[in-house]
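Working notes, structure below.
The structure displayed is predicted, hence computed values, not measured ones. Letters go in sequence order (proteins before strands), and every chain restarts at 1.
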2 protein chains.
Amino acid sequence: MAPRKKPATKYHHGDLRAALLSAAWTAVTKKGLESLSLRSLAETLGVSHAAPAHHFKDRNALLEALRAEAFRRFADAIEAGAKTGELDGMGVSYIRFAMEHPRQMQLMLREGETELGPEVMEQSMRAWQVLVSAVATQIGPTRAADERELHSMALATWAMVHGLAGLWTQVRLPPGVPKSGPDAEGLQRRAIATLLAGVAHPPRR
Amino acid sequence: MAPRKKPATKYHHGDLRAALLSAAWTAVTKKGLESLSLRSLAETLGVSHAAPAHHFKDRNALLEALRAEAFRRFADAIEAGAKTGELDGMGVSYIRFAMEHPRQMQLMLREGETELGPEVMEQSMRAWQVLVSAVATQIGPTRAADERELHSMALATWAMVHGLAGLWTQVRLPPGVPKSGPDAEGLQRRAIATLLAGVAHPPRR
DNA sequence: TCGTCGAACTTGTCATTGCCCAGATTCCTA
DNA sequence: TAGGAATCTGGGCAATGACAAGTTCGACGA
């Protein structure tokens, strides 16, 4: 039977750590990072205000774990988007993830107040590898053999999709620019296509 | 002489509002947004903990004023960078501002928890206009006459520089990518140039 | 079987912070 | 110069993160 039974009256919660992470994820999704409080989480889960401290050293430790989870899902999304072999598809996945999880994106991007955990490093490197190989396919084996060229183009592509994601999730776009829907996606695809045209006809160095 | 004299013993501070803004700016630069507290600001300036409330309704109001200041300086930087007429130069100014003021950038980008103030709107529209006219110069009057085309290219350019700025200020870049210095700027310029090549040879719609 | 030991959780407490209120002080204008 | 408005002070409240010391529970070994 279930190794973790949690009758309401039980002293031990069963799996408080996982429960905290899950509750924190939805809380961040709904109310944002700032308003996430350990005490309110504890109350939600019906444990005392000090209970979370036994699973996360402090608030930042919880956020770090959340960030790892976000990176994991993000890398998954990128990888799935690249399955088609189209660089374009990966970019769209990137942007879509950002638009669907803006708060998590914000969490992922918070500049290193704490060192990045190994989990986060691993997942972000995974995403980077996916990007690089998609770009390699795009530019063909000859150019891809030049590692400087390859990385340069990968960085440009990354910047483009990252920028598009940032514009749509964080910036108040000028009037007339569609916030969402097929028009928005069309604009984004067009921007990516423009970059890819530049990648195909690279500027003289 | 100085219209704002502030002997230590004076009951009225003289220009507490400006002093708060200035102190907040440097505090954000040094310690980041999160750790900015009204009470510590008040203590720094030698006033009581409730004094700031008479100049800023609440913490968010102070942040909004700070944000307006940031946008003002940002728009100035963009405008100066575009003076050369080179789209390229504007992009570099954009990225440089972000790299020199990462915390302010973070403040500027916080998605609208509060409505954007008129000052912020005005300054960001100013920056957008500068961008659009730089792009118009880039693509020539014929293509620029098509407003859809013009805005589309402007958006792509914006996304590129915005993305580059984000990568360098918020993201842990893969090993081998220079964090700063001429090499970093070279990579950024190369990415922009690649996009501009695409802008010059637009993909078929 | 039983003791004991550690992990999980509790209550209690403290410092910090944002915000509100009542009152004191100073400034300015009519 | 009188009175009102702006500015600032001090006190206080509730929420929060962090810490300390005690309590419950379960597992493991003698």
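When the side-chain nitrogen and oxygen atoms of A/R59 are compared with OP1 and OP2 of D/dG17, one or more of them lie within a distance under 4.0 Å. For C/dC9, one of the phosphate oxygens OP1 or OP2 lies less than 4.0 angstrom from a side-chain nitrogen or oxygen of A/H55. Phosphate proximity of C/dT17 to B/S37: present, with a side-chain N or O under 4.0 Å from OP1 or OP2.
As rounded to whole Å, 10 Å separates atom P of C/dG18 from atom CG of B/L63. One atom, CG of B/D58, and another, C1' of C/dG18, lie 9 Å apart when rounded to the nearest Å. Computed from coordinates, the B/L33 CG to C/dT17 P distance equals 15 Å when rounded to whole Å. Across the protein-nucleic acid pair, B/H54 atom NE2 and C/dC27 atom C1' stand 15 Å apart, rounded to whole Å. Between A/E43 atom CD and D/dA15 atom C1' there is a gap of 11 Å when expressed in whole angstrom units. Remark: P of C/dT10 and CG of A/L45 are 11 Å apart, rounded to the nearest angstrom. When the P atom of C/dA8 is taken as reference, atom CZ of A/F56 falls 12 Å away, rounded to whole Å. What separates CZ of A/R39 from C1' of C/dA15 is a distance of 12 Å, to the nearest Å.
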Test side chain to side chain contact (heavy atoms under 4.5 Å, CB included) applied to A/L33 and A/R110, step by step: CA-CA 11 Å; A/L33 272 185; A/R110 287 179 36 160; 3.4 Å; yes
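Residue A/L36 is classed as a sugar-phosphate contact, given heavy-atom separations below 4.0 Å to backbone atoms only.
Counting heavy atoms from C-beta outward, A/I78 and A/F97 have side chains that stay 4.5 Å or more apart.
Other residues, nucleotides and ligands place no more than 12 heavy atoms under 6.0 Å from the CD atom of A/E43.
Evaluated for a salt bridge (charged side-chain N to carboxylate O under 4.0 Å, His left out) with B/R72, the options B/E79, B/E122, B/E119 yield exactly one hit, B/E119.
Ring orientation note: the planes of B/Y94 and B/F74 are nearly perpendicular, at an angle over 60° on the 30°/60° scale.
Comparing C/dT10, C/dC19, D/dA18 by their closest approach to the side chain of A/A51 singles out C/dT10.
Positionally, the nearest nucleotide of DNA chain D for B/G46 lies more toward the 5' end than for the other of B/G46 and A/A50.
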